**Q** 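Handing you this structure, nothing more for now.
Keep in mind it's a predicted model, so treat the numbers as computed, not measured.
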Amino acid sequence: MAFEGLRQNISELDENVSSYVEHSIEYAKLKSFKISMVLVTFLAKVLLVGTIVILALIFLSLAASFALGHAMDNTIYGFAIIGFLYLLFAIIGYLFRDRLNKPLLQLFSKYFFEGP
């Protein structure tokens with residue numbers, strides 16, 4: 001009789017462990033889906049807004065280049081000034097690239113550990 005009760009307890013324990021593992025796997029799948037969807041929607045928004053900003057920047061750069069060129073009676077000088085300005089921005093961005101890591105890490109860790 002004692003063995004029958006022990007066998008029943010072990011059987012229930014086995015069922016409970018199996019259920020726990022099954023639910024843990026389902027939870028992990030849901031959590032990974034949620035995180036991947038947050039990442040995909042974030043990247044889609046960044047891509048959309050980034051494309052629009054880049055197009056606007058191109059047109060504004062062309063306008064500024066032509067305006068500077070017209071003011072100096074040489075279009076090439078206008079384009080050269082704007083080009084050097086972008087080169088200066090690129091150098092400044094390169095020099096401060098390490099300071100970008102912390103805000104990005106904080107942003108993505110917030111989404112990963114806390115959720116949106």
**Q** If you look only at pairs with a residue in residues 48-64, which of them pass as a side chain to side chain donor-acceptor pair (under 3.5 Å), with sequence neighbours excluded?
**A**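 Pairs touching residues 48-64 that pass the test: S61-Y86.
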**Q** Going by the side chain to side chain donor-acceptor pair (under 3.5 Å) test, which pairs reach into residues 37-46, not counting sequence neighbours?
**A**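 Of all non-adjacent pairs touching residues 37-46, none passes side chain to side chain donor-acceptor pair (under 3.5 Å).
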**Q** For L105, give me all partners under side chain to side chain contact (heavy atoms under 4.5 Å, CB included), at least two apart in sequence or on another chain.
**A**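 Not a single residue meets the side chain to side chain contact (heavy atoms under 4.5 Å, CB included) criterion with L105.
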**Q** Scan for ring-ring contact (aromatic ring centres under 6.0 Å, His included) pairs involving residues 50-84, sequence neighbours excluded, and state none if there are none.
**A**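 Those involving residues 50-84 are F66-F79.
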**Q** How does the hydrophobic cluster around L55 look, that is, which other residues are in it when side-chain heavy atoms under 4.5 Å mark a link?
**A**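 Via sub-4.5 Å side-chain contacts, L55 links to none.
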**Q** Given a cutoff of under 4.5 Å between side-chain heavy atoms of I, L, V, M, F, W and Y, with clusters grown through shared members, what are the other residues clustered with L47?
**A**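 Once heavy-atom contacts under 4.5 Å are chained together, L47 still belongs with nothing else.
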**Q** Is atom CZ of R97 surrounded by more than 12 heavy atoms (other residues, nucleotides or ligands) closer than 6.0 Å?
**A**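 More than 12 heavy atoms, drawn from other residues, nucleotides or ligands, come within 6.0 Å of this atom.
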**Q** Sequence neighbours left out, cut at 3.5 Å: what donor-acceptor pairs do the side chains of residues 15-25 make with other protein atoms?
**A**
| residue | atom | partner | partner atom | Å |
| --- | --- | --- | --- | --- |
| N16 | ND2 | E12 | O | 3.3 |
| S18 | OG | D14 | O | 2.9 |
| S19 | OG | H23 | ND1 | 3.2 |
| H23 | ND1 | S19 | O | 2.6 |
| S24 | OG | Y20 | O | 2.9 |

**Q** Partners of I81 by side chain to side chain contact (heavy atoms under 4.5 Å, CB included), sequence neighbours excluded?
**A**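 With sequence neighbours excluded, I81 shows a side chain to side chain contact (heavy atoms under 4.5 Å, CB included) to L68, M72, given in chain and number order.
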**Q** Kindly write out the residues that satisfy side chain to side chain contact (heavy atoms under 4.5 Å, CB included) with Y27, not counting sequence neighbours, or none if the list is empty.
**A**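 Y27 satisfies side chain to side chain contact (heavy atoms under 4.5 Å, CB included) with K31 only.
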**Q** Remaining members of V49's ILVMFWY cluster at a side-chain heavy-atom cut-off under 4.5 Å?
**A**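 Via sub-4.5 Å side-chain contacts, V49 links to V53.
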**Q** Does I92 have any side chain to side chain contact (heavy atoms under 4.5 Å, CB included) partners at least two apart in sequence or in another chain, and if so, which?
**A**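 Testing I92 for side chain to side chain contact (heavy atoms under 4.5 Å, CB included), a comparison that skips the adjacent residues, returns L88, F96.
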